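One structure is given below, encoded as structure tokens.
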There are 2 protein chains.
Amino acid sequence: MTSREGSASAPVAFSDHDHAACVEDTLAAAEEVCAERGLRLTPVRRKVLELLLQEHRALGAYAILDLLRDAGFGSQPPVAYRALDFLVKNGFVHKIERLNAFVACVHPGETHSPAFMICRKCDAVAEAQSTPLKGALGAAARSTGFQIERTVVEAEGLCPDCAEASGS
Amino acid sequence: MTSREGSASAPVAFSDHDHAACVEDTLAAAEEVCAERGLRLTPVRRKVLELLLQEHRALGAYAILDLLRDAGFGSQPPVAYRALDFLVKNGFVHKIERLNAFVACVHPGETHSPAFMICRKCDAVAEAQSTPLKGALGAAARSTGFQIERTVVEAEGLCPDCAEASGS
DNA sequence: CCCTCTATGTGATTTTATAACATTTCAGAG
DNA sequence: CTCTGAAATGTTATAAAATCACATAGAGGG
């Protein structure tokens, strides 16, 4: 696995944006959603979400665990996994199955079918929407009678920056 | 993880078919493709493909390893993983990321973008085609300049049989 | 035959994830 | 305020998935 520590050179998503504001805003939005729904955004959970927002890419559970330890939280796997379970279940974080890693959702709260573009070179992850019921898969599901409950849609390739760097 | 041993009650794919012939035919097709391309379908590799075709659903690497041991092959993880690497790389087998498991391809040889429907109840897996460049994900990739090399498309839900069994 | 490249066998280790149980925290009932 | 029960956290241990490293065996070309 390529290096996933250190936020110094963390690649931002494919388009530039005000990252500090993006972290603040999303965190505030999450607080609000939790308040509305009676969910408890406890310190560990909030910290995990904050870390994922800051990195702005997929982090493995054990990378998160290291960062949690640095922040003074418990350092055993269940600490990270339980916080991630909560965040995933409530739509604040998505799991990237291809990487066994986790990434903060860019529009938390709303239920949606995410799709991801994963750069194989710099590990950047961008979230897009998928429309699972349209297209070939939806047609196949309808024709066989399969009831789709959840979809995993992940594209692996080169992000714009890395494509350019490696001579297109 | 639910039981994955024993082929007695293994669910076939969503539509009935002549399973024995399907195993034979696909195995023969794989032999042919390997001959054409100068690939070596060695005993272990052939056996792994055969096991996956017989089960007709996703098997974890360690489940495959158990079956290999029963068949008299080496029983250490690399034996299974190396055979699977070969089969995946050459398009005879697909990995189901959601399950960390492997399933035989239904039309080996041809390069294609598979999509899967995974029953959460009986573990049956059906393969369909995806059209990654059409639809929302393709549009997102084009507009950001992301170069898609490979896609993972997996739908989780209830297969027709299980949907009916659990009262629709 | 010998050399080389590929494939296999095997032991050890790393990475990812969960089980089980004790302890703490906190909101609401009384 | 205090008790209480449920939810959350801490911690030890273990399971499951995947890879590393190195030795051995086989197939093919010269």
Side-chain angles (χ1 to χ4, degrees), chain A residues 1-5 30 34-49 51-52 58-90 92-103 123 152, chain B residues 1-5 34-35 37-49 51-52 58-90 92-103 123 152:
Chain A
M1 192 175 285
T2 56
S3 143
R4 254 175 214 151
E5 328 286 74
C34 284
E36 277 169 19
R37 300 186 192 165
L39 299 171
R40 293 169 58 188
L41 191 63
T42 61
V44 211
R45 294 169 175 175
R46 191 179 199 284
K47 187 67 185 177
V48 170
L49 181 56
L51 291 167
L52 286 171
L59 289 179
Y62 282 72
I64 291 169
L65 194 55
D66 287 344
L67 297 171
L68 281 180
R69 178 178 15 245
D70 296 347
F73 293 90
S75 58
Q76 297 305 312
V79 174
Y81 280 104
R82 284 193 290 232
L84 288 166
D85 280 349
F86 170 87
L87 294 168
V88 168
K89 182 158 46 168
N90 294 291
F92 299 119
V93 163
H94 298 295
K95 178 167 190 186
I96 309 292
E97 299 289 346
R98 187 76 223 284
L99 303 177
N100 293 325
F102 300 83
V103 72
D123 279 340
V152 172
Chain B
M1 197 173 283
T2 56
S3 143
R4 253 174 216 155
E5 326 286 76
C34 284
R37 300 187 193 165
L39 300 171
R40 295 169 56 189
L41 191 62
T42 60
V44 210
R45 293 169 176 175
R46 192 181 198 283
K47 187 66 185 178
V48 170
L49 180 55
L51 291 168
L52 286 171
L59 288 180
Y62 283 71
I64 291 168
L65 195 55
D66 286 345
L67 296 171
L68 281 180
R69 178 178 17 242
D70 295 348
F73 293 91
S75 58
Q76 298 303 314
V79 174
Y81 281 104
R82 285 191 289 231
L84 288 166
D85 281 350
F86 170 88
L87 294 168
V88 168
K89 183 157 45 170
N90 294 289
F92 300 119
V93 163
H94 298 296
K95 178 169 189 187
I96 308 293
E97 299 288 346
R98 187 75 224 284
L99 302 177
N100 294 324
F102 300 84
V103 72
D123 280 338
V152 173

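Throughout, protein chains are lettered first and strands after them, A, B, ... in sequence-line order, and every chain is numbered starting at 1. Values in this document were obtained by computation on a predicted structure and should not be read as measured data. Keep in mind that the numbers below use all heavy atoms, side chains included, and drop hydrogens, waters and symmetry copies.
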Discussion item. Quick check for you: to the nearest 0.5 Å, what is the distance between A/Lys89 atom NZ and A/Leu84 atom CG?
Written reply: 12.5 Å

Worksheet item: Does B/Pro77 or B/Pro43 map to a spot on DNA chain C nearer the 5' end, using the closest nucleotide for each?
Response: B/Pro43

Response to the item:
Once base and sugar-phosphate atoms are separated, protein heavy atoms under 4.0 Å mark nucleotides 21-30 of chain D, 5' to 3', with B, S and - as B-----S---

Worksheet item: In whole angstrom, what separates A/Arg98's CZ from D/dA17's P?
Response: 17 Å

Item to complete: Measure the distance from CG on A/Leu68 to P on D/dT11 and round it to the nearest whole Å.
Response: 13 Å

Worksheet item: Taking only N and O in the side chain of B/Asn100, is any of them less than 4.0 Å away from OP1 or OP2 of D/dA18?
Response: yes

Discussion item. Between P on C/dT15 and CG on A/Asp66, what's the gap in Å once rounded to a whole number?
Written reply: 11 Å

Practice prompt. Round to the nearest Å and state the distance from B/Leu65 atom CG to C/dT10 atom C1'.
Written response: 12 Å

Practice prompt. In whole angstrom, give the distance that lies between atom CD1 of A/Ile64 and atom P of C/dT15.
Written response: 16 Å

Discussion item. Ignoring hydrogens, what is the shortest heavy-atom contact between A/Ile64 and A/Ala80? Give both atom names and the distance.
Written reply: CG2-CB, 4.5 Å

Worksheet entry | Proximal nucleotide (of C/dA7, D/dA18, C/dT10) relative to the B/Arg45 side chain | C/dA7

Fill in: Test item: B/Arg45 side-chain N/O and B/Arg40 main-chain N/O as donor-acceptor pair under 3.5 Å
yes

Worksheet entry | Rounded distance (Å) that lies between atom P of C/dT16 and atom CG of B/Leu99 | 19 Å

Worksheet item: Ignoring hydrogens and angles, are the base of D/dA18 and the side chain of B/Tyr62 linked by a donor-acceptor pair under 3.5 Å?
Response: yes

Worksheet item: Is B/Asp85 salt-bridged to B/Arg82, cutoff N-O under 4.0 Å?
Response: no

Discussion item. Run the side-chain contact (heavy atoms from CB on, under 4.5 Å) test against A/Tyr62 and tell me which residues pass, sequence neighbours left out.
Written reply: A/Leu65, A/Pro77, A/Tyr81

Response to the item:
Scanning both residues in full, the closest heavy-atom pair of A/Leu49 with A/Phe92 reads CD1-O, 3.8 Å

Practice prompt. Could you state the atom-to-atom distance from CG of A/Asp85 to P of D/dA8 in whole Å?
Written response: 11 Å

Fill in: Separation of D/dT9 P from A/Lys47 NZ (nearest whole Å)
15 Å

Fill in: Phosphate-side-chain proximity, A/Lys95 and C/dA17, N/O vs OP1/OP2 below 4.0 Å
yes

Worksheet item: Start at the 5' end of DNA chain C and walk down; is the nucleotide closest to B/Ser75 or to A/Phe102 reached first?
Response: B/Ser75

Response to the item:
side-chain contact (heavy atoms from CB on, under 4.5 Å) test vs B/Arg46 passes for just one of B/Leu87, B/Leu51, B/Leu41, namely B/Leu41

